[in-house]
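We number each residue from 1, following the sequence as shown.
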Amino acid sequence: MNSDAAQDGQTDGPARTVRVVLVDDHRMFRTGVQAEIGRTEETGVEVVGEAADVDQAVTVITATRPEVVLLDVHLPGGGGVEVLRRSAAMMAAPERPVRFLALSVSDAAEDVIGVIRGGARGYVTKTITGTDLVDAVFRVSDGDAVFSPRLAGFVLDAFASTDAPPVDEDLDRLTQREREVLRLIARGYAYKEIAKQLFISVKTVESHVSAVLRKLQLSNRHELTRWATARRLV
């Protein structure tokens with residue numbers, strides 16, 4: 001700080017600003033993240049948009065073209081992987097590409113690998129501190145890859161190991177929505193709770209569960225839960 005600035009009571013602000021979109025289906029969580037990192041004069045992070053589902057996310061990202069999108073993995077409308085799929089052209093833009101950082105409560109290997117395969121530049125869990133999240137946002141905006149320490153191992157196992165198959169053939173039979181229903185069933189959610197969370201009808205949930213059981217050759221939700229637990233999807 002120079003003497004003139006000190007006499008004026010001014011402090012140096014961030015050297016640059018990174019424009020960010022928050023994508024999460026929990027409004028209170030988005031509000032908390034905005035309050036924690038969105039103080040632009042202090043953090044250098046400017047939150048330029050928010051979205052709660054896949055369609056909203058694609059619309060907001062297309063309209064604002066942020067440097068970084070903080071993306072939840074489990075979203076109504078197809079999940080974070082679907083947002084990535086529909087944003088592929090923006091990620092590949094030669095000038096000012098949109099980069100994605102997954103920010104999720106889940107630390108399941110399948111979730112981490114799925115969004116990284118989809119094009120995300122990193123994956124951190126919601127236990128991250130505000131200071132570390134700001135640092136992660138700036139690093140991703142510069143093109144770096146950022147992971148919570150434990151999660152980096154999942155990516156190494158999936159992409160570097162010649163022994164591990166690149167995809168789970170059983171999981172690969174399921175659609176993104178079927179995977180979402182599978183995960184919630186395995187966590188003990190009732191059909192009505194799943195319907196509410198995914199913004200679909202109970203009848204549609206039942207249809208998805210039947211499809212999952214058929215494709216995985218399982219008999220009931222108890223077998224399904226054991227199957228999902230064995231694959232660390234819960």
Side-chain angles (χ1 to χ4, degrees), residues 13-26 29-40 42-51 54 57-58 60-61 64-75 79-161 164 166 232-233:
R16 64 187 176 100
T17 298
V18 175
R19 300 167 69 254
V20 171
V21 164
L22 304 178
V23 181
D24 193 287
D25 60 341
H26 293 97
F29 178 75
R30 297 198 310 271
T31 300
V33 174
Q34 164 81 359
E36 185 72 22
I37 72 171
R39 305 182 305 278
T40 308
E42 299 175 27
T43 65
V45 174
E46 180 185 3
V47 178
V48 296
E50 299 182 16
V54 170
V58 175
V60 171
I61 294 166
T64 60
R65 294 301 290 261
E67 281 86 12
V68 176
V69 178
L70 291 178
L71 179 68
D72 193 12
V73 174
H74 302 139
L75 292 169
V81 172
E82 179 65 12
V83 176
L84 291 164
R85 186 186 69 79
R86 291 167 60 178
S87 303
M90 290 183 283
M91 285 191 284
E95 296 184 6
R96 296 191 63 204
V98 177
R99 296 188 169 105
F100 287 79
L101 173 62
L103 175 62
S104 177
V105 69
S106 171
D107 61 359
E110 193 262 338
D111 287 336
V112 178
I113 295 166
V115 295
I116 298 305
R117 288 189 185 281
R121 296 291 305 173
Y123 194 118
V124 294
T125 61
K126 290 180 178 179
T127 57
I128 192 171
T129 66
T131 300
D132 287 344
L133 183 56
V134 169
D135 179 66
V137 165
F138 273 85
R139 288 172 60 193
V140 167
S141 75
D142 290 334
D144 292 342
V146 180
F147 296 93
S148 295
R150 176 172 173 268
L151 306 185
F154 296 154
V155 179
L156 292 175
D157 288 344
F159 292 93
S161 173
R232 303 173 69 182
L233 302 181

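- Looking at His74 and Asp111, their side chains do bring a donor and an acceptor atom within 3.5 Å of each other.
- Here the side chains of Val20 and Val137 are in contact, with some heavy-atom distance below 4.5 Å.
- Annotation: side chain to side chain donor-acceptor pair (under 3.5 Å) contacts involving residues 83-96, sequence neighbours excluded, comprise Asp55-Arg86, Glu67-Arg96, Glu82-Arg85.
- Of the inter-residue distances, the one linking Ile128 atom CD1 with Glu36 atom CD reads 10.5 Å to the nearest 0.5 angstrom.
- A distance of 7.0 Å separates CG of Leu71 from CD1 of Ile61, quoted to the nearest 0.5 Å.
- The shortest distance between side-chain heavy atoms of Arg65 and Val98 falls below 4.5 Å.
- At a threshold of 4.0 Å, the pair Asp107-Lys126 does not count as salt-bridged, since none of the basic side-chain nitrogens sits closer than that to a carboxylate oxygen.
- Taking CE from Met90 and CZ from Arg99, the interatomic distance works out to 14.0 Å, rounded to the nearest 0.5 Å.
- The only member of Val140, Val134, Asp135 that meets side chain to side chain contact (heavy atoms under 4.5 Å, CB included) when paired with Phe138 is Val134.
- Contacts of Asp144 classified as salt bridge (charged side-chain N to carboxylate O under 4.0 Å, His left out), with partners at least two apart in sequence or in another chain: none.
- Looking at Arg19, its side chain does come within 3.5 Å of a backbone N or O of Thr64 through a donor-acceptor pair.
- Within the 4.5 Å cutoff, the side chain of Asp72 has heavy atoms near those of the Asp25 side chain.
- Here the closest non-hydrogen pair linking Leu101 and Ala136 is CD2-CB, 3.8 Å.
- A salt bridge links Arg16 to Asp142: one of the charged nitrogens lies within less than 4.0 Å of a carboxylate oxygen.
- The structure places CZ of Phe29 at 12.0 Å from CD of Gln34, a figure rounded to the nearest 0.5 Å.
- Each of Val83, Val68, Leu70 was compared with Phe100 under the side chain to side chain contact (heavy atoms under 4.5 Å, CB included) criterion, and only Val83 meets it.
- In plain terms, the two heavy atoms of Ser141 and Val18 that are nearest each other are OG-CG2, 3.7 Å.
- Of all the heavy atoms in Leu84 and Gly118, the pair that sits closest is CB-O, 3.7 Å.
- Taking OG1 of Thr129 as the reference point, atom CD1 of Ile37 lies at 11.0 Å (rounded to 0.5 Å).
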Take Asp24 and Val33, measure what side chain to side chain contact (heavy atoms under 4.5 Å, CB included) needs, and give me the verdict at the end. CA-CA 10 Å; Asp24 193 287; Val33 174; over 6 Å; no
Verdict with supporting geometry, Thr40 and Thr17, side chain to side chain contact (heavy atoms under 4.5 Å, CB included): CA-CA 7 Å; Thr40 308; Thr17 298; 3.9 Å; yes
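- Contact detail for Gly49 and Val60: the closest heavy-atom pair is CA-CG1, 3.9 Å.
- Here Leu103 contributes atom CG and Thr125 contributes atom OG1; the two are 8.0 Å apart, rounded to the nearest 0.5 Å.
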Is there a side chain to side chain contact (heavy atoms under 4.5 Å, CB included) between Glu50 and Val23 once you walk through the steps? CA-CA 6 Å; Glu50 299 182 16; Val23 181; over 6 Å; no
Please evaluate residues Tyr123 and Ser104 with respect to the criterion side chain to side chain contact (heavy atoms under 4.5 Å, CB included), reporting the C-alpha separation (whole Å), side-chain torsions for both, the decisive distance (0.1 Å), and the verdict. CA-CA 8 Å; Tyr123 194 118; Ser104 177; 3.5 Å; yes
